[in-house]
Amino acid sequence: MLSNKVGKQLGRPTYSLTGWLVSKFFKRKNKILEENAVKLCNIQPNDTVLELGHGPGLGLQAALQLLTGREGKLIGVDYSQYMHEMASKHMKEQISRGKVVLYCSDLVNMPIEENTVDKVFHCNCYYFWPDLKAGARAIHRVMKPGGIMVTALRLDSVKKVASKNMFSGESWRPEVYMEALQSCGFTDVRMENQTEKFITFQAIFATAVK
């Protein structure tokens, strides 16, 4: 019962004590993943960049620093109203200037035009998608041909959470996620081990082909 409750809050934090604790957890535990996912995307000044499941906004802030060109644009999508509002407050000025656009939306219905996104990144996110292939298709739809996506996770931590039955089914497994990407128009799908500040994490790369 408790594990299911915590699992739901990890996937979609709400205005509650548990949701508040989850937001603190994200800020403390996801910082290295977020910053490295941004770095591995090789963001260029005029790219259009999308973060999925942006949470409090750590990754958004890191990506924004690289979008120095006039055409550079940052988009964020999160299913949690709580996280959407938290990130919106942190990025109020950039949103008012049109540099940043944040949507409170599920992945499949995100209101983003086709073939408009150069880079996509997300951290500790895909295992909460109800349907991996539907999510992969939705991402592929908005990406430009040749666009790059980086997924960051700490597999050892994910395995511990999975062992407590906080995820539904086997979709948390990287190989299941990677197979979904390959079946929905992504190529060069691979997972690499990375190390930052003595912390080992995994990065999954995928390129959109159209």
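Positions are given from 1, in the same order as the sequence printed here. As a basis for the values below, the full set of heavy atoms in this structure was taken, side chains included, without hydrogen atoms, waters or symmetry mates.
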Looking only at atom types and distance, does a side-chain atom of [X] sit under 3.5 Å from a main-chain N or O of [Y], one as donor and one as acceptor?
| X | Y | value |
| --- | --- | --- |
| Lys31 | Leu58 | no |
| Lys210 | Gly185 | no |
| His90 | Pro56 | yes |
| Thr195 | Phe198 | no |
| Gln202 | Asn193 | no |
| Asp78 | His54 | yes |
| His140 | Val209 | yes |

Requested in this report: Assess whether atom CD of Glu113 is packed by more than 12 heavy atoms of other residues, nucleotides or ligands within 6.0 Å.
Outcome: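 Incorrect, the count does not exceed 12.
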Report task. Mark yes when over 12 heavy atoms from residues, nucleotides or ligands other than Arg70 sit less than 6.0 Å from its CZ; otherwise mark no. Result ->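 Check fails, neighbour count at 12 or below.
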At what distance, to the nearest 0.5 angstrom, does [atom1] of [X] lie from [atom2] of [Y]?
| X | Y | atom1 | atom2 | value |
| --- | --- | --- | --- | --- |
| Asp118 | Ile43 | CG | CD1 | 10.0 Å |
| Asp188 | Thr207 | CG | OG1 | 5.0 Å |
| Leu155 | Lys160 | CG | NZ | 11.5 Å |
| Leu132 | Arg173 | CG | CZ | 13.0 Å |
| Leu33 | Cys125 | CG | SG | 12.0 Å |
| Cys104 | Tyr79 | SG | OH | 9.0 Å |

Assess, by modelled atom type and distance only, whether the side chains of [X] and [Y] contain a donor and an acceptor separated by less than 3.5 Å.
| X | Y | answer |
| --- | --- | --- |
| Glu196 | Gln194 | no |
| Gln44 | Asn42 | yes |
| Gln61 | Gln65 | no |

Report task. Assign the ring pair Trp129 / Tyr177 to parallel, tilted or perpendicular, where the plane angle (0 to 90°) is split at 30° and 60°. Result ->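 Perpendicular.
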Report task. Give the intermediate values and the outcome of side-chain contact (heavy atoms from CB on, under 4.5 Å) for residues Met110 and Val142. Result -> CA-CA 9 Å; Met110 55 184 175; Val142 304; 4.0 Å; yes
Query - Any side-chain heavy-atom pair of Ser88 and Ile95 under 4.5 Å - result: yes
Query raised in the report: Are the side chains of Leu60 and Leu102 in touch, meaning some heavy atoms are under 4.5 Å apart?
Result: yes
Query raised in the report: Can Val117 and Ile139 be said to form a side-chain contact (heavy atoms from CB on, under 4.5 Å), step by step?
Result: CA-CA 9 Å; Val117 176; Ile139 299 169; over 6 Å; no
Query raised in the report: Which one of Lys144, Lys73, Lys119 satisfies the salt bridge (charged side-chain N to carboxylate O under 4.0 Å, His left out) criterion with Asp47?
Result: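 Answer to the salt bridge (charged side-chain N to carboxylate O under 4.0 Å, His left out) test with Asp47 among Lys144, Lys73, Lys119: Lys119.
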Requested in this report: Please assess Glu34 against Asn36 for the test side-chain contact (heavy atoms from CB on, under 4.5 Å), listing each intermediate value before the final yes or no.
Outcome: CA-CA 6 Å; Glu34 298 271 5; Asn36 279 277; over 6 Å; no
Report task. Validate the cation-pi geometry between Arg154 and Phe201: distance from NZ or CZ to the six-membered ring centre under 6.0 Å, angle to the ring axis within 45°. Result -> no
Requested in this report: Check the pair Phe121 / Met149 against side-chain contact (heavy atoms from CB on, under 4.5 Å), numbers first and verdict last.
Outcome: CA-CA 5 Å; Phe121 69 97; Met149 178 164 67; over 6 Å; no
Report summary line: Tightest non-hydrogen contact, residues Cys41 and Val150, listed as SG-CG2, 3.8 Å
Query raised in the report: Of Val120, Val100, Leu50, which meets side-chain contact (heavy atoms from CB on, under 4.5 Å) against Ile75?
Result: Leu50
